[in-house]
Amino acid sequence: MGRNLHSTSEVSKFAQLHPGGAKVLEEVGGKDVTEEFYELHRHDVLGKYERLKVGKLEGDHVKVTTGTKGVPFAEIPAFQGQESPFYTESHKKFMKGIQDFVNAELVPIAAAADLKGEYPTRELQMKLGQSGVMASRMGPGHWMDELGQLGISVPGGINPKEIDYFHDALLADGNSSTT
């Protein structure tokens, strides 16, 4: 039995299938493993194995802060509440804008298009351009001054002149992860 997030789960049948092996589950059996769980898993894993729940726990519970991706230590510390001289509010808005775009426009079609071997449609290419995703990949430069004149916004609604190479790094990361 393992406990986390206010519930108790029967994991003995699942133990042999657990990617970390049965031994790790045996070592933490009967203990509150909330923090350990969130150091290695996304929150949505709990929903996937809802059928293993056998009870709820009473009393105080640990509040786990997981940042924007839902996985502790999976993202830049500045997005988990730590101070950073490099990442500002502009970067946080930008990252949220990228994640919103990816979730709305790419996630619904990506798997099917990949399996079919399809390339992005012209319509998707236009959305990538109009949303400022493509221009943001170019990093800072004089071209950012022209975006507004062309009717192109930047993800997160930030001022194009704020774009720096840290925004570019977030864009690369935002394309590979969703919330």
Side-chain angles (χ1 to χ4, degrees), residues 4-5 18-20 34-50 62-179:
N4 73 10
L5 253 196
H18 186 259
T34 301
E35 289 187 45
E36 291 86 350
F37 177 87
Y38 280 111
E39 287 176 1
L40 301 168
H41 304 85
R42 291 178 61 105
H43 181 73
D44 58 0
V45 170
L46 292 175
K48 186 176 179 181
Y49 296 102
E50 183 76 25
V62 176
K63 178 169 178 6
V64 177
T65 302
T66 60
T68 60
K69 291 185 184 173
V71 181
F73 312 112
E75 61 190 357
I76 300 162
F79 294 100
Q80 294 185 17
Q82 295 183 22
E83 293 296 320
S84 169
F86 307 108
Y87 292 100
T88 65
E89 193 61 34
S90 169
H91 296 96
K92 292 175 185 175
K93 288 179 184 177
F94 183 78
M95 184 167 141
K96 174 82 168 84
I98 292 296
Q99 290 175 338
D100 289 348
F101 181 86
V102 168
N103 286 329
E105 302 294 339
L106 302 180
V107 169
I109 62 169
D114 189 40
L115 289 173
K116 292 178 185 176
E118 295 175 349
Y119 289 94
T121 63
R122 185 76 176 139
E123 179 186 5
L124 179 58
Q125 292 172 3
M126 293 296 290
K127 287 180 181 179
L128 286 163
Q130 289 298 314
S131 68
V133 172
M134 299 298 279
S136 298
R137 285 293 295 151
M138 294 169 47
H142 62 85
W143 44 84
M144 289 296 166
D145 297 336
E146 298 176 24
L147 291 183
Q149 297 168 7
L150 297 171
I152 298 174
S153 61
V154 174
I158 67 168
N159 183 335
K161 293 179 181 181
E162 293 179 35
I163 293 287
D164 60 23
Y165 290 111
F166 289 103
H167 288 94
D168 184 45
L170 292 172
L171 179 57
D173 183 54
N175 282 325
S176 65
S177 59
T178 59
T179 56

Asn103 to Pro108 - nearest heavy-atom pair and separation: O-CD, 3.3 Å
side-chain contact (heavy atoms from CB on, under 4.5 Å) partners for Ser131, two or more places apart: Phe101, Val133
Test salt bridge (charged side-chain N to carboxylate O under 4.0 Å, His left out) applied to Asp168 - qualifying residues, sequence neighbours left out: Arg137
Under the side-chain contact (heavy atoms from CB on, under 4.5 Å) test, residues paired with Glu146 that sit two or more places apart: His142, Gln149
Thr121 side chain reached by Ile109 side chain, heavy atoms, under 4.5 Å: no
Smallest separation among heavy atoms of Met144 and Ser136, with atom names: CE-CA, 4.0 Å
Derivation and outcome, side-chain contact (heavy atoms from CB on, under 4.5 Å), residues His167 and Ile158: CA-CA 11 Å; His167 288 94; Ile158 67 168; 3.5 Å; yes
Qualifying salt bridge (Lys or Arg N to Asp or Glu O under 4.0 Å) pairs with a residue from residues 84-95, counting only residues at least two apart or across chains: none
Pairwise salt bridge (Lys or Arg N to Asp or Glu O under 4.0 Å) hits with a residue in residues 104-121, at least two apart: Glu105-Lys127
Atom pair CD (Glu162) and NE2 (His91), whose distance is rounded to the nearest 0.5 Å: 8.5 Å
Test side-chain contact (heavy atoms from CB on, under 4.5 Å) applied to Ser153 - qualifying residues, sequence neighbours left out: none
Nearest heavy atoms of Phe94 and Pro155, plus distance in Å: CD1-O, 3.4 Å
Heavy-atom pair of closest approach, residues Met95 and Leu170: SD-CD2, 3.9 Å
Asn159 and Val154: CA distance, side-chain angles, deciding distance, side-chain contact (heavy atoms from CB on, under 4.5 Å) verdict: CA-CA 7 Å; Asn159 183 335; Val154 174; over 6 Å; no
Straight-line distance of Ile163 CD1 to Leu171 CG, nearest 0.5 Å: 8.5 Å
